[in-house]
Amino acid sequence: MEKVYNPKDIEDGIYREWEKSGFFNPDKVKGQKSRIKDYRKRQAFSMVMPPPNVTGTLHIGHAVVLTLEDIMVRYHRMMGDDTLWLPGTDHAAIATQTKVEKLLKEKEGKSRHDLGRVEFLKRVEEFTAESKATIHKQIRKMGSSCDWSREAYTLDKVRSRAVREVFKKMYDDGLIYRGLRIVNWCPRCASTLADDEVEYKEQEANLYTFKYSKNFPVSISTTRPETKLGDTAVAVNPADKRYKNLLGKEFDVDFVGQPLHLKIIADRGIDMNFGTGAVGVTPAHSFIDYEMAQKNKLKIIQVINEEGRIVNAPQYQGLIATESRQKIVAKLASQGLLEKEEIIKNNLSVCYRCGASIEPLPSKQWFISVSAKFKVQSSKIKGIKKGQAVSLKDLAITAVKNGQIKIFPERFNKVYFEWMKNLRDWCISRQIWFGHRLPVWYKQKSEARNSKSTPMFSPYSPTSRGIGGDRGGQNPKSKLDEEIYIGIESPKGSDWVQDPDTLDTWFSSGLWTFSTLLDKDFEKYKNFGKWLQKSPDLKRFHPTSVMETGYDILFFWVARMILMTTYVLGEIPFKTVYLHGLVRDEKGRKMSKSLGNVIDPLTVAEKYGTDAVRLSLVLGAAAGNDLTLSEEKIAGFRNFTNKLWNIGRYVLSQTEEQKNRETKEQKVSKFFGSSVSRLCERWILSRLNSVIAEVTEDLENFRFSQAGEKLRSFTWDEFADWYIEISKVEKNFQQLSTINQQLLKLWHPFMPFVTEKLWEAAGGAKFLMIADWPIASKKLINKKAGKDFALIQEIIRIIRNLRAEFKIDPALFVKVAINAGAKKPLLGKEVAIIKHLARLESVKIVKSGEKPERSISAVYGGCEIYLILEGLVDFEKEKERIQKELDAAKNYLAGLENKLKNKDFISRAPKEIVGGEKLKLKETQEKIRKLKDYFAGLKNF
RNA sequence: GGGUUCGUAGCUCAGUUGGUUAGAGCGUUCGAUUCACAUUCGAAAGGUCAGAGGUUCGACUCCUCUCGAGCCCACCA
C-alpha cells in the first residue's frame, strides 16, 4: 500500500468493478443479504435522479445532488432495503434548442429555418447524444451507485408515450384547453414564454399623465401610451373619494383619433397615491387588466400584434410600439391634453433568451387548468375520495397539507402553499421545434375551407392565433371553423394537420417519478390505466421515497410533479422532499462563468479525489442552506481521506504482525475477553457504538452533515489520536481491526472509493458496497468508561499544556506526581498510557502527598498534578498562571453561588439541574482550596 | 409591495424540544519531525452569540421592536 492515498489511480477501476458486479441493480442485490431479515423488514427505498439537462456538462450543483443521493442510496442498500436509484436525463426543450441554434450560427452561419424542422432536429439529436455520453461519464466519476439498466430520458419512446397518454387523459377530463389568454410574448423569438422565463430589468421610463380627451373627466398616468389605444375602462380605488361619483359611468371618447368606449370601474388593487390614482385598463396587453376585464365583463381589444406592431388603430397601423408612442404623445401635447411628463424607475420585462422586451398579448395557447374540477377515479391521498370533484390545485395542496409529502427543511412548506395558492393556469404550448410534439391535430371544416383563403388550422397564422383584424376581440370562437383531434397516434385521413407546437419541458419532467418506472413494453397493455396498474417497477418502487433537489426548482419541478402525479395516479410522487441549497464561492457569491469563480467538480475530483469533493459538499451544509465551497476546503477533506487511508494501513500492518506473534495462550485470553477489561477498550467500544447509533439516526433523518461531522471527529480525534496512539504502548489490540472495519462501513456512503479500497486491502468480502450496515450494541455503550477515560485524557492534556507553557523540550522525559485521592485506583491502572502519551519518565500516583520540590502544578477533577522539573523553575510565571486560574475559578464559583442562593431557582428548576449545579459548586470549592494551598506553598520556594 | 431566511471566533459554519464555564474546520501564534500519515503530531490565542426590550428560576435558543444582509414571488399602471 502506498504511503499516500492516490485516488486518481484507483477510482475508475473501482467504479467499473461495482458496475460489473451488477449490485447497483436492486434485482441483483436481492438474496445477497443474510442478517438483514432479522434486523429490519425489507422495504423499498427508491429515488429517481433529477435528470440533468442534456445541454452540456455537469456543474457543482449536480455534484451536490449526486453526492447526497448516493449517500442515501448506499446507506439504504447496506441497510438491506430494496434500493433503487434510477438515473436519467432531461431534454430541456428550450435550453437545448437555443444551445444548438447558437452552435449552428457559430459554426455554419445558419439558422434553424435554413435547415428546416426535420434536419434541425437531427442536429439536436446528434448534440444530445454527445452531451448524454459526457454526462454519463461524469455521473460515474462522482461514484454514483445508480442502476444504469433502468436509465431514462424525458424524450425517449416510453416517456413520449406517457406524455401523450397524460395529455389525452387531461384533455378528456377537461383539464387541458386551448384558449385565449394573455401570454408573455417575445416578438423576436416569436414564442410565448412561461412566467418564470421572463426576466425583469430595472430601467428609467417616462411616465405620462394625460386625459384621453377633453370630455373625459379623469386623468391617467402611464409609461406606455400606445397601449391605451386598446383601453376599455379606467379603474380607480373604491375608497378614493375623488372618483366616487364617477363609478360605473361610461364615456365615448376620441383618444388621439381612436374612438374608445370607457367605463369607470373600481378595483382595490389600485394605488391611490400613484399618479392620479386612476388607471387606464388595457385588457389585451396586461395580465392584471385582463383579470379586471373578466370581472367587469369588459371588451378586449388587441392593438399590438405578434411582431410588436400596432393593429386595430387605423391612424397608427403597422407602427412598432415605440414609434407610435412618440406620435401619440406628440398628438396629446398638441391637443393640450398632456399634463405631466416625469421620469420614474420601473421594471421592464424582457425575454430571458434574447433580452427583447416582452409584449403581453392575447394568444391562442394550450393550458392546463389548475382550478377546473374533475372527478377523482382513484385516490390514495388522505382527504380525497374516489368520485370527489377536485381541482389539480386541491390535490397538490392536500398531498402536502395532510403530511403525506414531507418537505425538508420544513420552512419550505409555507413557500409551497403560498405558491400553490397563487397558481394560475399553466401554459404548456411552446413555439419551438425540439420537444414533445402536441398530440393535437386540426382539420378545417368544409364550409370554412371554401370561404377563407388563410388556412384556419395553422396555429401560427395571425388570424388564427390573434384576435385582431376583422374578427374583433372578445369572442374568438375559431372552433367553429376547425375540428380538433387529440390522440396517441395521428388520426386517419390526409387532411389532418398536426399542431406544430411542442410541450413545455416541465410537462414531461412532471411525470418523471412514475414515467421512469413504467414498463417499457407498453404495447402489451390494453390501455393507459392498465399500463399504470400493472407495471412491475411502478408497483414496487412508487411512490418514491425521497426527492432530493435544489430549493431553486421547488416550483419549476417539485410542485409540478406533485400536481401531475396526484392527478394521474391518485398517489403522491414521493414521501419526502429534501431540498439543498446553492453552492457559492468562498465569498458567498453565486458561481458563474463571468465571475470566473466556478469550481468544476470533475477538475477538483481529479485533483483531490472524488471522496474529498463529496465530503466538501456535504459537511458543514445544513439542509436548504447555501453552501460555500473553496478549494482549500476540498483540500482539507483530501487530507482527511489520506488520514483514513493511513489508519487503514496502520491497522492492517498491526493485525498482520499480531497474527504472526499470537500464541495459543494469547488466543485463549482473548476469547475470555481479558482485553476488554482495559479501560481504553471499553471506552472506544462505547464511543463506537454511540457513534453507530447516532450516525444511523442522523442518516434516517437527513442530517448528513451532522452524521459526517460525528464520524470525522470520532475517526480523527478519538480513534486515531487516542486509541491508536495508545495501541502503540502495548501491542495486541484486537479491537483495532474490528473498529476499523465498522468505521469503513459507516464512512462508505460518504466516501465510497477509499473505503471500498481499504476494505479490499483488509481482505473483506466483496463488496463493502453491499456489506451489512453496523448495528449499535447498547450493552457496550458505557458511560462510566467514558467518564473515566475523559479524566485520563484531561490529565494528559494538562501535562502537555504545562510542558508547552514552560517550554520543556519535547524530547525530554519528565517526572510527574499525582495526588489522586479517590481516583488513585483508576489512574494507577493507566500509568503506562499516561507515561506514553505525555512523554514521562515516571508517574507516581498516591492518594495524597506533599508537594514535590521544584515542581509546577495543576488541579483537575479532584487530582493535584505535579510536573517535577529538574532544572530551575520560573516561579514568577507559575504564580501568575495559578493566580489566573484561581481568579477564573472564583468567578465561576460566584456565579454558581448566586444561582443557588436564588430561591426561585431551587424551587422551580428540575431537581437534576439543581443537583448538577450543587455538585459543580462543591467541585469548584475543592479546586479553589487546592489551588490556594498550592499558591501558599509557592511562596516558600 | 407580499413572503422567507440569516446575523455566533479573523474566515466558513455547527449549536437538535430553553439547563455544561458556547463548539468545529480553515487561518494565526508557539513547538515537534526517522517509529501509519508533514495531506502529520502537540499546545495556545481568539466570542457582551447584531442591538434594545420582554417571557422565564434560567435565553445563543421563545416573543416584540430596531439595525444590517440575502433569497423567493408579484410587479409598478
Side-chain angles (χ1 to χ4, degrees), chain A residues 1 3-5 195-196 200 205 207 220-224 227 235 269-271 274-275 278-282 286-289 344-347 349 409 411-412 414-415 418-419 422 551-552 554-555 581-582 584 586-588 608 612 619-622 624-630 632-633 635-654 698 701 703 705-706 709 712-713 717 720-721 724-725 728 797 800-805 807-811 837-839 888-889 891-892 895-896 899 902-910 912-914 916-917 920 924:
Chain A
M1 281 172 87
K3 215 169 154 178
V4 172
Y5 175 57
D195 290 347
D196 34 53
Y200 295 93
L207 180 71
I220 58 153
S221 303
T222 183
T223 52
R224 299 200 58 192
T227 63
I270 306 298
D271 179 357
F274 187 91
V279 184
V281 179
T282 321
S286 150
F287 290 92
I288 292 186
D289 293 8
I344 60 158
K345 272 189 185 164
N346 72 351
N347 280 329
S349 20
R411 68 185 137 95
F412 284 102
K414 275 188 189 169
V415 187
E418 197 60 30
W419 189 77
N422 299 320
Y551 66 71
D552 49 328
L554 178 65
F555 305 132
L582 298 174
R584 296 172 177 281
E586 68 267 67
K587 287 178 190 142
Y608 300 102
L619 271 72
N625 283 0
D626 291 350
L627 155 86
T628 46
L629 186 67
S630 58
E632 294 80 64
K633 187 173 171 186
F637 286 112
R638 184 266 324 266
N639 295 357
F640 178 74
T641 317
N642 190 55
K643 185 74 186 180
L644 195 69
W645 176 258
N646 274 291
I647 288 171
R649 219 155 64 87
Y650 174 77
V651 170
L652 200 62
S653 70
Q654 290 308 301
D698 285 342
N701 291 292
R703 296 187 296 250
S705 174
Q706 224 176 90
E709 192 48 51
R712 193 203 58 75
S713 106
D717 305 339
D721 287 353
I724 287 186
E725 286 312 314
K728 290 175 183 171
R797 274 194 207 106
R800 285 170 174 173
N801 179 347
L802 288 175
R803 293 182 61 127
E805 209 162 324
K807 305 220 186 299
I808 296 164
D809 182 356
L837 294 181
R839 271 187 96 76
N891 243 332
Y892 182 48
L896 286 172
K899 211 174 195 177
N902 186 339
K903 277 174 197 154
D904 288 330
F905 174 71
I906 303 290
S907 61
R908 300 202 192 187
E912 40 314 347
I913 299 292
V914 179
E917 297 297 301
K920 278 186 230 161
T924 311

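Order of the sequence lines fixes the chain letters, A, B, ..., with proteins taken first and strands second; residue numbering starts at 1 for each chain.
- A/Glu418 places its CD atom 8 Å from the P atom of B/U4, with the value rounded to the nearest Å.
- Distance, A/Asp552 CG to B/U5 C1': 15 Å, rounded to whole Å.
- Across B/C65 and B/U4, the matching P atoms stand 13 Å from one another, rounded to whole Å.
- The separation between A/Phe274 atom CZ and B/A77 atom P is 5 Å, rounded to whole Å.
- Of the possible donor and acceptor atoms, none in the side chain of A/Asn801 sits under 3.5 Å from a partner among the backbone N and O of A/Arg797.
- Nucleotide B/G7 has B/C67 as its partner under the Watson-Crick or G-U criteria, with both atom distances under 3.5 Å.
- Within the nucleic acid shown, A/Thr223 comes within 4.0 Å of sugar-phosphate atoms alone, with no base atom in reach, counting heavy atoms only.
- Here, B/C60 and B/G18 have their C1' atoms 10 Å apart, quoted to the whole Å.
- Nucleotides B/A22 and B/U61, compared at atom C1', are 12 Å apart to the nearest Å.
- Residue A/Ile724 is in base contact, counting any heavy-atom pair closer than 4.0 Å across all strands shown.
- Mapping A/Asp717 and A/Ser286 onto RNA chain B via the closest heavy atom, the residue that lands nearer the 5' end is A/Asp717.
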Base-contact (B) and sugar-phosphate-only (S) positions in nucleotides 13-19 of chain B, heavy-atom cut-off under 4.0 Å, - elsewhere = SS-B--B
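- If you take atom P in B/C72 and the same atom in B/G31, they sit 49 Å apart, rounded to whole Å.
- A distance-only check finds no donor-acceptor pair linking the side chain of A/Thr628 to the backbone of A/Arg584 [under 3.5 Å].
- Taking the C1' atoms as reference points, B/U28 lies 31 Å from B/C67, given to the whole Å.
- Two residues are said to be in side-chain contact when any heavy atoms from C-beta on lie closer than 4.5 Å; A/Phe905 and A/Ile913 meet this criterion.
- The phosphate of B/A77 has neither OP1 nor OP2 within less than 4.0 Å of any side-chain N or O from A/Ser221.
- Straight-line distance between the C1' atoms of B/A9 and B/A14: roughly 13 Å, to the nearest whole Å.
- In this structure the side chain of A/Leu619 never reaches within 4.5 angstrom of the side chain of A/Phe640, judged on heavy atoms.
- Interatomic distance, CZ of A/Arg649 versus CD1 of A/Ile647, reported as 12.0 Å (0.5 Å rounding).
- The same atom, C1', is picked in B/U34 and in B/U40; the two are 13 Å apart, to the nearest Å.
- In this structure the side chain of A/Tyr650 reaches within 4.5 angstrom of the side chain of A/Lys728, judged on heavy atoms.
- At whole-Å resolution of the value, NZ in A/Lys414 and C1' in B/U5 are 11 Å apart.
- The two residues A/Leu582 and A/Asp626 come nearest to each other via the heavy atoms N-OD1, 2.9 Å.
- A/Gln706 contributes atom CD, which lies 4.5 Å from atom CG of A/Asp698 (distance to the nearest 0.5 angstrom).
- Across all strands, A/Val279 comes closer than 4.0 Å to base atoms (heavy-atom distances).
- Among B/U39, B/U20, B/A77, the nucleotide with an atom closest to any side-chain atom of A/Lys920 is B/U20.
- Per the geometry, CD belonging to A/Glu709 stands 15 Å off P belonging to B/G23, to the nearest Å.
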Per-nucleotide protein contact string for nucleotides 40-48 of chain B (B base, S sugar-phosphate only, - none; heavy atom under 4.0 Å) | SSSSS----
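- Of all nucleotides present, only B/G31 satisfies the Watson-Crick or G-U wobble test against B/C41, with each distance under 3.5 Å.
- The pairing partner recorded for B/U12 is B/A24, the criterion being a Watson-Crick or G-U wobble arrangement whose two distances lie under 3.5 angstrom.
- Comparing B/U5, B/C75, B/C37 by their closest approach to the side chain of A/Asn646 singles out B/C37.
- Listed nucleotides: B/C71, B/U20, B/A32. Nearest to the side chain of A/Tyr551: B/C71.
- Rounded to whole Å, the separation between the P atoms of B/G68 and B/C62 comes to 23 Å.
- Listed nucleotides: B/A36, B/A24, B/U39. Nearest to the side chain of A/Val4: B/U39.
- Protein atom CD of A/Gln654 is 8 Å distant from nucleotide atom P of B/A36, rounded to whole Å.
- Residue A/Arg712 is classed as a sugar-phosphate contact, given heavy-atom separations below 4.0 Å to backbone atoms only.
- Distance A/Arg411 CZ to B/C71 P: 14 Å, rounded to the nearest Å.
- In this structure a side-chain-to-backbone donor-acceptor pair under 3.5 Å is present from A/Arg803 to A/Asp809.
- In this structure B/A59 sits in no base pair that meets the Watson-Crick or G-U test at under 3.5 Å.
- With sequence neighbours excluded, no residue satisfies salt bridge (charged side-chain N to carboxylate O under 4.0 Å, His left out) with A/Arg839.
- Taking the six-membered ring where tryptophan is involved, the planes of A/Trp645 and A/Tyr5 are tilted, since the angle between them lies from 30° to 60°.
- The NZ atom of A/Lys899 lies 10.5 Å from the CD1 atom of A/Ile906; values are rounded to the nearest 0.5 Å.
- When both pairing distances are held under 3.5 Å, B/U17 makes no Watson-Crick or G-U pair with any nucleotide shown.
- For A/Lys3, a side-chain nitrogen or oxygen approaches OP1 or OP2 of B/C37 to under 4.0 Å.
- For A/Arg638 and B/U39, a side-chain-to-base donor-acceptor distance below 3.5 Å is present, hydrogens and geometry of angles not being considered.
- Within 4.0 Å (heavy atoms only), A/Ile344 reaches sugar-phosphate atoms of the nucleic acid but no base atom.
- In this structure, the CD1 atom of A/Ile808 is 15 Å from the P atom of B/G31, given to the nearest Å.
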